[in-house]
Amino acid sequence: MNTEPLPKQYDRAVAEKKWRDIWKKEKTFQFKNNDNTPLYIVDTPPPYVSADHLHAGHIMSYAQAEFIVRYKRMCGFNVFYPMGFDDNGLPTERFVEKKYKIDKSKITRSDFIKICLKETEIGAQTYKNLWDSLGISVDWTKTYSTIGPLATKISQWSLLDLYKKGALYRSEAPVLWCPSCKTAIAQADLEDVEDDSKINHIVCSSGSEQLTIATSRPELLPACVALYVNPNDKRYKHFIGKKAVVPLFDYEVPILSSEKVDIEFGTGLMMVCTWGDKEDLEKWQTDKLATRALIREDGRLNELGGKYQGLKIEEARAKIISDLQKNGFLIKQEDISHTLNVHERCGVPVEFILSKQWFIKIADFKDKWLEYGKKLNWYPKTRQQDYDLWVNSIKWDWCISRQRYYGVPFPVWYCKNCSEPIFASEEMLPVNPMEDKPPVSSCLKCGHKEIVPENDVMDTWATSSVTPLIIRELIADEKTKIKLFPATLRPNAFEIIRTWDFYTIVKSHYHFNNLPFRDVMISGHGLDEHGRKISKRLGNYIPSEKLLEEYGADAIRYWATGATLGQNLRFNIQEIKKGKKTTIKLWNVARLILMSLEDFKLTKVSEDLEFADCWIVQELNQSLKNVSMAFDNYSYAKAKDEIDQLFWSKFTDYYLEFIKYRLAASDNKSKKAARYTLTKIFLAILKMYAPIMPFITEELYNLIYKNSDGEKSIHLSDWPTEITIKKDKDISDFSQAITAIDEIRKYKSEKGMSLGFELEEYKLNTPIDKDKYGDFIKNATKVKILM
RNA sequence: GGGCGCAUAGCUCAGUUGGUCAGAGCGCACGGUUCACAUCCGUGAGGUCAAAGGUUCAAGUCCUUUUGCGCCCACCA
């Protein structure tokens, strides 16, 4: 045991840098293949590298999973903690387009991909630097990129396997389409947005009579294929089966009936188009309506739009309204507020467009998905509802093809003649059909020789949904690899339950009939101090580098520990300061300990413990139990509270004050027992704080305990166990002694005396066993005579 | 419109199965400390636990209703 005195101040910046370097050099957190140790596998969310403004929220979300990782490592698990970077897909493309002001029609596909790759490298490095500063104990020799060859290979294999199993199909159908990103998207990519709009009342004629339709989307008039009325609506009953003329466009559409038309809504007359919304789609399918597809892939009107052809949706709307008005068709406008489905990546309202896409079957197996959801361990339990709610609201199969550039290519070619898909063989993966040769020279179905590649790329989630498979491929050893699936823990924020978690479950089901992970730990978001979302636009955040520089990793991690599972956490500078104070306090306790140790040697003897010693041991044992239980349930916030209480209130405020007189005494049994207890308890406290504040605890462990505890890193040392003591001392009434000490402290405080002031005599009101605790109380409070 | 969550001291939040739960930290006031403490310690003030009703011997803690906030879903004619 080291007993060199410590410098007066803890140099946080130096210590954190030192330990980062040592951990790196010593490969402290590197995964070791080991047959005997139980595994703990973390399937960490690969961050989108397209974030150039890292803040407390980013720190929080990754620190939270890391508390658990460090705890599990100390508990003896062989922790597998790789890190990925999600660098493919739409988010990255949009980021690059925006940053470099790129018009994708004026750049080649390969040039664009080059810029994306370059940008993702920068982004990955930014994240890596942050995680490194934070002390995220990832095994940096085990990383992957979702655009890299490994992820590409696994994602492509996944599709081949799904196709074999009949879960993947290609079909031409109306799909959700983002006119801004110019690609098909999936239902999970939708977001709701409140929108103020107008309902336009438009007259049209049916024979000699006039009808009024109400629509918020008059630009879809040239796509109108039918009008619907409720069969019970007396006003319109006689129109059923007749025809109406579409104003401005002068063509006839049938008037049909449907119970689903709300008599009260609008004018009670519904205009059905190709395809304005889900209702249109449904009517089109069930009633086999004509098709008048109007919206082009770029969100402009096609030739059906007549003189409005080529206009953007909003432009066409304005122009058509104005023309309706001019011609006397528009009789009224009403303000309405409704929710629009927009694409979550760009906020642009989505359209339905007829298109040929690849789909994974999900809509018909809701029961299956719900069953898996039930089998998962959700932390917190209540977040399972988010999952269930999503599954129940699924309407369509998962569209996984994207008409974009920067993503994993489909391992598919087509026969130019009969469109038969030709899949790559497994040995060919990873494959890029746009560059690589197809596995056959002619179509197996029709014998045609012209084979063309698939140009689409996969939905970014098509790759993310196989991360549990990707991470196990990072290990070469076959025997170990097989044990790395399913993962133990999937930590992620609640908004990607319906995407990342759900899709991963779907894939895992099709591939292995198994859950992809055992536990899901759901975190919330970091908010600003007022509870608002942190955003670049609002500028309501301190950049992460600045935070780290000013307060240090331990202090910020301390704040992040405060989040309740599944709940958002407000930024709170006071908590960060409290964290910093905790590191300083730990440092000072270490100084006190080392000052009083001199040539003391830690022994295993514990028979001479006194009442106060037994008391703090008992408190420690109780806290230890609570802390372990909290960590086991992923309740790091509760764990932190518990350790704080033990350390600040019980250990420093009471115990250290209780034993100062014994430490100052000349060498004797009592001093030895105090030193023994002091060092034992402090070691346990350091270890309990270690998952939360890895730097200060590592520093002090190495300064004091390295030789006696026997590990080169506290993070590789064992989680503390209960301290056993001989049961010859009954301390069940020790709280009375504490009450008595409180009473004397209060007396001194009220009299304006210092707590160290020596009182000649004091008349105690608290009833205590004077024979038992009298001497202790007198010594601990500096009272000569206790009455 | 449907579902879920939240509402506890000035601020940020803890409060397992109903009975020392009315708490912590920060902030504030007063005092003391500088031989562990870029401080720290002690003491203190502050809340009818959103509102109303109910169940119970007993309710922040269970039930009903109301209000406010947040999230998700639906309606988009």
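Below, chains carry the letters A, B, ... as their sequence lines are ordered, and counting in each starts from 1. Note that the structure is predicted; figures quoted are calculated from it, not measured. Values reported hereafter were calculated over all heavy atoms of this structure, with side chains retained and with hydrogens, waters and symmetry mates removed.
Contact between the side-chain N/O atoms of A:Lys640 and the OP1/OP2 oxygens of B:G25 is not found at any separation under 4.0 Å. Close to B:C4, at under 4.0 Å from its OP1 or OP2, lies no side-chain N or O of A:Thr382. At least one side-chain nitrogen or oxygen of A:Lys395 sits closer than 4.0 Å to the OP1 or OP2 atom of B:A74. For A:Lys751, no side-chain nitrogen or oxygen approaches OP1 or OP2 of B:G32 to under 4.0 Å. Between A:Asn588 and B:A38, a side-chain N or O to OP1/OP2 separation shorter than 4.0 Å is present.
Distance noted for atom C1' between B:A24 and B:U66: 32 Å (whole Å). Here the separation of B:G3 from B:G44, taken at their C1' atoms, is 47 Å to the nearest Å. Taking atom C1' in both B:A29 and B:A36, the straight-line distance is 28 Å, to the nearest Å. B:U48 sits 12 Å from B:G60 when the C1' atoms are compared, rounded to a whole Å. Nucleotides B:C13 and B:C49 place their C1' atoms 13 Å apart, quoted to the nearest Å. B:A7 and B:U16 are spaced 11 Å apart, taking the P atom of each and rounding to whole Å. One C1' atom belongs to B:U61, the other to B:G19, and the distance between them is 11 Å to the nearest Å. Comparing the same atom, P, in B:U34 and in B:C41 gives a spacing of 15 Å after rounding to whole Å.
When distances run from any side-chain atom of A:Arg498 to the nucleotides B:A14, B:U43, B:C73, the shortest one goes to B:C73. Closest contact between the side chain of A:Asp277 and the listed nucleotides B:A74, B:C76, B:A36 involves B:C76. Candidate nucleotides B:C40, B:A14, B:A36 were compared by shortest atom distance to the side chain of A:Lys581, and B:C40 ranks first. Taking every side-chain heavy atom of A:Ser216 into account, B:C76 is the closest of B:C76, B:C40, B:G25. Of the candidate nucleotides B:A38, B:G42, B:A36, B:A38 has the atom lying nearest to any side-chain atom of A:Gln9. With distances taken from any side-chain atom of A:Leu389 to the nucleotides B:G3, B:G32, B:A36, the minimum falls on B:G3. The side chain of A:Glu279 lies closest to B:C76, out of B:U43, B:C4, B:C76. When the nucleotides B:C76, B:C41, B:U43 are ranked by their closest atom to the side chain of A:Glu750, B:U43 comes out on top. Comparing atom distances between the A:Asp742 side chain and each of B:U43, B:U33, B:A74 picks out B:U43 as nearest. When distances are taken from the side chain of A:Thr652 to each of B:G25, B:A36, B:C73, the shortest belongs to B:A36.
As judged by a 4.0 angstrom heavy-atom cut-off over every strand, A:Trp648 is placed among residues touching the sugar-phosphate backbone only. Among the atoms of the strands shown, only primed sugar atoms or phosphate atoms (P, OP1, OP2) are found under 4.0 Å from some heavy atom of A:Lys8.
Aromatic ring orientation, A:Trp390 versus A:Phe502: perpendicular (interplanar angle above 60°, classes split at 30° and 60°).
A:Phe647 and A:Tyr689 have their aromatic ring centers within a separation under 6.0 angstrom. In this structure, the ring of A:Phe352 has its center no less than 6.0 angstrom from the ring center of A:Trp275. Less than 6.0 angstrom separates the ring centroid of A:Tyr762 from the ring centroid of A:Tyr747.
The cationic atom of A:Arg557 (NZ for Lys, CZ for Arg) does not lie both less than 6.0 Å from the six-membered ring centre of A:Tyr636 and within 45° of the ring axis. A cation-pi contact, defined as under 6.0 Å to the ring centre and within 45° of the axis, links A:Arg383 to A:Phe494. For the pair A:Lys578 and A:Tyr558, the cation does not sit on the ring face, since its NZ or CZ is not both under 6.0 Å from the ring centre and inside 45° of the axis.
Summary of the strand contacts: A:Gln385 and A:Arg591 both lie near RNA chain B, and taking for each the nucleotide with the nearest heavy atom, the more 5' one is attributed to A:Gln385. Where A:Gln567 and A:Tyr654 meet RNA chain B, the nucleotide closest to each residue was compared, and A:Gln567 sits on the side nearer the 5' end.
At a cut-off of 3.5 angstrom, the base of B:A38 holds no donor-acceptor pair with the side chain of A:Lys580.
For the ring-ring contact (aromatic ring centres under 6.0 Å, His included) criterion with A:Phe658, the lone passing option out of A:Tyr654, A:Tyr655, A:Tyr661 is A:Tyr654.
Other residues, nucleotides and ligands place no more than 12 heavy atoms under 6.0 Å from the CD atom of A:Glu264.
A stem is defined here as three or more consecutive Watson-Crick or G-U pairs, each with both distances under 3.5 Å; for RNA chain B these stems are B:1-7 with B:67-73, B:10-13 with B:23-26, B:28-32 with B:40-44, B:50-54 with B:62-66.
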